[in-house]
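What follows is a single structure, written as structure tokens, with notes after it.
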Amino acid sequence: MDTPLTRKLLAHLRVIYPEADNGPLVEQLIATMALDPASQAPPTHRNLWNQNDVLLITYGNSVVDEGEKPLVTLNKLLTNELDDCLSAVHILPFFPYSSDDGFSVIDYVSVNESLGDWGHVSTIAKRKHLMADLVINHMSSRSAWFENFKRRRDPGKDYFKEASLEDDLSQVVRPRSSPLLTPVQTDDGERMVWCTFSPDQVDLDFGNPQVLVEFVRIIHFYLEQGVRIFRLDAVAYLWKVPGTSCIHLQQTHEVVKLMRTLIEHGYPNAVIITETNVPNRENLTYFGNANEAHVIYNFSLPPLLVHCLLSGSCRHLKTWAMSMPPAQNGTAYLNFIASHDGIGLRPAEDLLSEEELAEFIGTISRSGGMVSYRRKGDEDKPYELNVSLWDALKDTVDGGKSHQQLARFLCAHTIMLGLEGIPAFYIHSLFATENDTQKVALTSRNRSINRHTWGLEALRTALSNGSHHQQAYEALRHLIQTRRAQPAFHPNATQFTLHLGLEVFGFWRQSLDRSQSIFAIHNVSSEVQQVALSTINLVSTDLWFDLITGRHFNDPHAELTLQPYECLWLSNRDFCGQEAPLED
């Protein structure tokens, strides 16, 4: 059938498989997704989000309660503690796995029995927009597919990427320092399989169209279970060609575009997010022309924001913010500061000097953090900082400022919440969890430091006993709820960076209908700072007040005194979009 959908799919496939007769594959993909070939694509440049959207990132068992499945406990947490400050939840891989805390998937269509079942997942999906990982680059060496690969049987015999020691692999870009090729004994003799991440995570071969069909089948199954946001894990490494860097290849981008085409024809409100922990310019390419990823991670934000607060200078953060292109309607940035992995350093390449990077790493190390490395040429280079966000902000590069830890922590999140894009909170940042050094000792993995497991009652106690956990959590809830009511904080609202010196980071946001302006002002230093309101250019005919504290500013020529790490959201409208009332 010749329809706009079939023509579009053929165009994608000609890029991915230029030598193949792709007509039958088009029919197979449409049937696998249960699509009507005559179905229409949704309108372009639609924003599927607004200022109300805030995402939680969590493992299925980050919080547990004795006697019940962790997914049941997570649903309780979402229902009770977090219902009014989140719109979506990203449950990190909840499938059976063999390593890497879920990212070495054994079976894509099963739920890890220790967490719960698909019924529990679907219950959460009915409460919040559910984001799930499509671990698309690699699969567990203990999976049925890989067992069939070794036995030379289908399905699986030709599903994994092979290479030879004679191939030119000198340019391959990787995030790890382990060997790229792993020898595997099969019924046909020894074969060398491609392992971008670890010997237990064997890369899939999308050069085989049936691997593509299998993943489209998985996508359709997830959609039926209520998943509406797909995180394409490690997608940058998907396509491999010896003699190239094997990252961001044209076929990789085209696979993402094809998956978007299939998904949006059946589920027009579903969203694709690409996870590409790479330098900023490379990351931006995954927007395509608003026809690839709906959302991309703002990977440069965590290292630049944390460095800003540790150094007391927003020089690099401001330069980066000014260089970031506004996301087109229909696309958005996902802003975060911490994740289940660590603070990636590759996205800060060419943004921080070698000296600044060394100082940054040294400060994190003094706060109990660790460093993971990747192989580049013949040497290992720092790849990420492994540390909880709470402890990452314990001290500054010049030392002696640990008493300001909470203020720095809240300043970081206030900046993140105000920036263009959709904010995302890792669960251990929301609760200000410390480094889990005991878990590192148990697992011998650096990343375990920020993968603590809370008991539900212990967490509830910590959130009610006056601890720093309670102070941070309650302050963040207030900031989140305030942010969700402001149209000027729509992910696609206008943003301009302000020039207020190196110690004060500021930007202006304006709502899409231009009815609300917010001037977000942040002292990123450990010292008191003065800012003249005249330098911000407040409209003198409007009445301005701070959304965070309610404080009014009726004199546009007054001077602000900002305490260390103090933040203001100066607005001309209240929560309902009305003009600010006169001060009593």
Side-chain angles (χ1 to χ4, degrees), residues 4-5 8 11-12 15 40-55 87-88 129 131 228-232 235-236 248 250 252-265 267-301 304 319-336 347 416-424 483-484 486-497 507-518 520:
L5 173 57
K8 194 169 184 180
H12 294 314
V15 175
Q40 299 295 308
T44 59
H45 300 289
R46 294 182 310 141
N47 290 327
L48 300 174
W49 41 77
N50 59 34
Q51 64 273 12
N52 189 59
D53 285 302
V54 179
L55 178 76
S87 64
H129 299 303
M131 176 165 152
R228 288 298 177 269
I229 309 172
F230 291 86
R231 177 185 183 270
L232 303 190
V235 69
H248 315 311
Q250 183 182 14
T252 293
H253 285 281
E254 206 66 35
V255 168
V256 179
K257 292 175 184 177
L258 180 143
M259 289 182 170
R260 173 164 175 169
T261 295
L262 289 168
I263 289 171
E264 68 184 9
H265 274 76
Y267 295 80
N269 293 326
V271 169
I272 289 177
I273 298 181
T274 48
E275 188 265 335
T276 50
N277 190 359
V278 294
N280 195 49
R281 289 185 179 180
E282 299 172 33
N283 189 36
L284 288 169
T285 63
Y286 285 85
F287 274 146
N289 186 22
N291 63 347
E292 198 165 336
H294 296 87
V295 178
I296 65 172
Y297 281 81
N298 225 341
F299 273 111
S300 293
L301 179 60
L304 292 181
T319 300
W320 166 79
M322 289 189 295
S323 71
M324 288 294 284
Q328 297 183 57
N329 281 332
T331 65
Y333 297 108
L334 189 74
N335 294 327
F336 70 109
M416 186 266 285
L417 280 165
L419 286 169
E420 175 192 350
I422 302 166
R483 188 241 191 231
R484 296 181 78 187
Q486 314 309 322
F489 283 147
H490 186 287
N492 295 90
T494 300
Q495 176 173 299
F496 283 107
T497 307
F507 49 87
W508 171 65
R509 304 294 308 279
Q510 186 182 58
S511 59
L512 296 173
D513 65 3
R514 301 187 179 182
S515 65
Q516 184 189 35
S517 286
I518 296 176

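In this chain, numbering begins with 1 at the start of the sequence shown.
- A side-chain donor-acceptor contact under 3.5 Å links Asp53 to the backbone of Asn50.
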Side chain to side chain contact (heavy atoms under 4.5 Å, CB included), that's the test. Do Val295 and Phe287 meet it? Break it down for me. CA-CA 7 Å; Val295 178; Phe287 274 146; 5.7 Å; no
Quick one: do Ser87 and Asn52 satisfy side chain to side chain donor-acceptor pair (under 3.5 Å)? Show the steps, please. CA-CA 7 Å; Ser87 64; Asn52 189 59; 5.4 Å; no
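- Here the NZ-OG1 distance, from Lys257 to Thr252, works out to 11.5 Å after rounding to the nearest 0.5 Å.
- Under the 3.5 Å distance criterion, the side-chain polar atoms of Arg483 are matched with a main-chain donor or acceptor of Gln51.
- No more than 12 heavy atoms of other residues, nucleotides or ligands shown are found within 6.0 angstrom of CZ on Arg514.
- Here CD1 of Ile273 is found 9.0 Å from CG of Leu232. Values are rounded to the nearest 0.5 Å.
- The ring of Phe299 has its center closer than 6.0 angstrom to the ring center of Phe336.
- The CD1 atom of Ile296 sits 4.0 Å away from the CG atom of Asn283 when rounded to the nearest 0.5 Å.
- Exactly one of Ile263, Val235, Ile229 qualifies for a side chain to side chain contact (heavy atoms under 4.5 Å, CB included) with Ile272. That residue is Ile263.
- With hydrogens and angles ignored, the 3.5 Å screen pairs a side-chain donor or acceptor of Gln495 with a backbone N or O of Glu420.
- In this structure, Ser511 contributes its side chain and Gln516 its backbone to a donor-acceptor pair below 3.5 Å.
- Qualifying side-chain hydrogen bond (donor to acceptor under 3.5 Å, both in side chains) partners for Gln510, counting only residues two or more places apart in sequence or in other chains: none.
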Apply the test side chain to side chain contact (heavy atoms under 4.5 Å, CB included) to residues Met324 and Leu284: give CA-CA distance (whole Å), side-chain angles for both, the deciding distance (0.1 Å), then the verdict. CA-CA 9 Å; Met324 288 294 284; Leu284 288 169; 4.2 Å; yes
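- Not one N or O on the side chain of Asn47 forms a donor-acceptor pair closer than 3.5 Å with the backbone of Trp49.
- Note that CD of Glu292 is 10.5 Å distant from OG1 of Thr261, once rounded to the nearest 0.5 Å.
- With sequence neighbours excluded, the residues forming a side-chain hydrogen bond (donor to acceptor under 3.5 Å, both in side chains) with Glu282 are His248, listed by chain and number.
- Of the inter-residue distances, the one linking Asn329 atom CG with Leu512 atom CG reads 6.5 Å to the nearest 0.5 angstrom.
- Every residue was checked against the side-chain hydrogen bond (donor to acceptor under 3.5 Å, both in side chains) condition with Thr497, not counting sequence neighbours, and none meets it.
- For Arg260, the salt bridge (charged side-chain N to carboxylate O under 4.0 Å, His left out) criterion is met by Glu264, not counting sequence neighbours.
- The ring of Phe507 has its center no closer than 6.0 angstrom to the ring center of Phe496.
- Checked against the 6.0 Å centroid criterion, the rings of Phe230 and Tyr267 do not qualify as a close aromatic pair.
- Looking only at distances, a side-chain donor or acceptor of Asn492 sits under 3.5 Å from a matching main-chain atom of Thr331.
- Note that the NE2 atom of His294 and the OG1 atom of Thr274 stand 11.0 Å from one another [nearest 0.5 Å].
- Here Thr494 pairs with nothing under the side-chain hydrogen bond (donor to acceptor under 3.5 Å, both in side chains) rule; sequence neighbours left out.
- Under the salt bridge (charged side-chain N to carboxylate O under 4.0 Å, His left out) criterion, Arg231 pairs with Asp133, Asp233, Glu275, sequence neighbours left out.
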